[in-house]
Amino acid sequence: MTGLLILLISLFTSCTTEVTLTLKQDDSVAIQFEGGAGQAFAKMISSAAGLGGSGTGSDGEAGELLIDTGSVSYELAKAGFSEVKVSQKKGGAVSIIMNDKKQNSYLFSSKIVKAEKGKLISAITRKSLEDFYNSSDEQTRMILDLFLAPVFNNEEMSEEEYIEMVGAFYGEGAAKEVSESFVKINLISKDGTKETQNIPLTQLLCGNFNY
């Protein structure tokens with residue numbers, strides 16, 4: 001899972017990560033991730049986890065790339081996704097396209113996303129994030145713990161306090177990247193209607209929701 005976890009770290013510490021889920025007529029869900037790695041935080045996490053920071057790109061060339069796209073594709077397929085395509089460019093820009101044919105991936109089992117009556121519904125709450133963490137395997141939890149996220153530790157913390165803590169552990173560069181990062185979620189239902197949410201990464205990691 002190493003390549004996949006570092007990929008997730010790089011995606012979610014970019015300035016804007018865009019995730020698009022499209023519910024198809026056969027109830028399968030097409031998923032697309034787009035993001036660029038936040039270099040400071042990703043390097044600090046890689047160092048803390050004892051992981052490498054280079055890989056092989058989709059063009060087959062070695063270089064200063066964050067992940068091995070072949071390994072990531074393999075791990076995503078093992079996790080239940082199909083038709084997986086992972087690509088990246090030097091500098092950290094990463095794209096993933098895949099399908100969840102039976103809605104049985106961790107996105108749905110944790111109830112972060114729901115499909116009801118032909119419509120995709122975002123259900124990101126403190127509870128669903130806690131369930132995602134608690135249902136993860138030990139290695140995944142270890143990597144998630146590196147974010148120092150209050151939501152995974154049953155802690156209450158303001159986003160300002162969280163950023164200060166990240167800066168103390170990983171440096172001001174990493175704290176700045178996290179504080180400026182957003183997750184843009186597009187949910188497209190069967191009839192083509194689209195709902196978009198822009199959520200600060202700090203809000204997700206602190207679990208500070210008003211709903």
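In this structure, NZ in Lys114 is found 7.5 Å from CD1 in Ile121, a value given to the nearest 0.5 Å. Here CD1 of Ile199 is found 6.0 Å from CZ of Phe209. Values are rounded to the nearest 0.5 Å. Rounding to the nearest 0.5 Å gives a distance of 4.0 Å between CG of Leu205 and OH of Tyr162. With values rounded to the nearest 0.5 angstrom, Glu34 atom CD is found 9.0 Å from Ile96 atom CD1. We find the CD-CZ distance between Gln203 and Phe182 to be 9.5 Å, quoted to the nearest 0.5 Å. Note: Leu129 CG to Cys206 SG = 11.0 Å, rounded to the nearest 0.5 Å.
Not a single ring-ring contact (aromatic ring centres under 6.0 Å, His included) links Phe108 to another residue, sequence neighbours left out. With sequence neighbours excluded, the residues forming a side chain to side chain contact (heavy atoms under 4.5 Å, CB included) with Asn186 are Glu18, Thr20, Lys184, Lys194, Thr196, listed by chain and number. Residues that satisfy the salt bridge (charged side-chain N to carboxylate O under 4.0 Å, His left out) test with Lys101, not counting sequence neighbours, are absent from this structure.
Residues Tyr133 and Asn153 bring no donor and acceptor atom of their side chains to less than 3.5 Å of each other. For the residue pair Glu195 and Gln197, no side-chain donor N or O sits within less than 3.5 Å of a side-chain acceptor on the partner.
When atom types are taken as modelled, the side chain of Ser128 and the backbone of Ala123 share a donor-acceptor pair closer than 3.5 angstrom. Formation of a donor-acceptor pair under 3.5 Å by the Ser189 side chain with backbone atoms of Leu120 is found in this model. With hydrogens and angles disregarded, a donor-acceptor distance shorter than 3.5 Å links the side chain of Ser181 to the backbone of Glu177.
Counting heavy atoms from C-beta outward, Phe147 and Val166 have side chains that stay 4.5 Å or more apart. Using a 4.5 Å cut-off on side-chain heavy atoms (C-beta onward), Asn208 and Glu159 make contact. For the pair Ile31 and Asp100, the minimum side-chain heavy-atom distance is below 4.5 Å.
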Please test Met157 against Met165 for side-chain contact (heavy atoms from CB on, under 4.5 Å), starting from the C-alpha separation and ending with a verdict.
CA-CA 10 Å; Met157 186 179 294; Met165 180 176 65; 4.0 Å; yes

Verify side-chain contact (heavy atoms from CB on, under 4.5 Å) between Glu161 and Glu156, making sure each step is shown before the conclusion.
CA-CA 10 Å; Glu161 290 171 330; Glu156 298 288 341; over 6 Å; no

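Under a cut-off of 6.0 angstrom, the local environment of CD in Glu155 is crowded, with over 12 non-hydrogen atoms contributed by other residues, nucleotides or ligands. Open room surrounds CG on Asn154; 12 or fewer heavy atoms of other groups in view lie less than 6.0 Å from it.
Note on Lys190 versus Asp27: salt bridge recorded, some NZ/NE/NH1/NH2 to OD/OE distance being below 4.0 Å. Salt bridge absent: Lys176 and Glu172 never bring a charged side-chain N and a carboxylate O closer than 4.0 Å.
Linking ILVMFWY side-chain heavy atoms closer than 4.5 Å, directly or via other members, places Leu21 and Ile97 in two distinct hydrophobic clusters. No chain of hydrophobic side-chain contacts below 4.5 Å, direct or via other Ile, Leu, Val, Met, Phe, Trp or Tyr residues, connects Ile185 to Ile188.
For the residue pair Glu130 and Val151, the shortest heavy atom distance occurs at CG-O, 3.5 Å.
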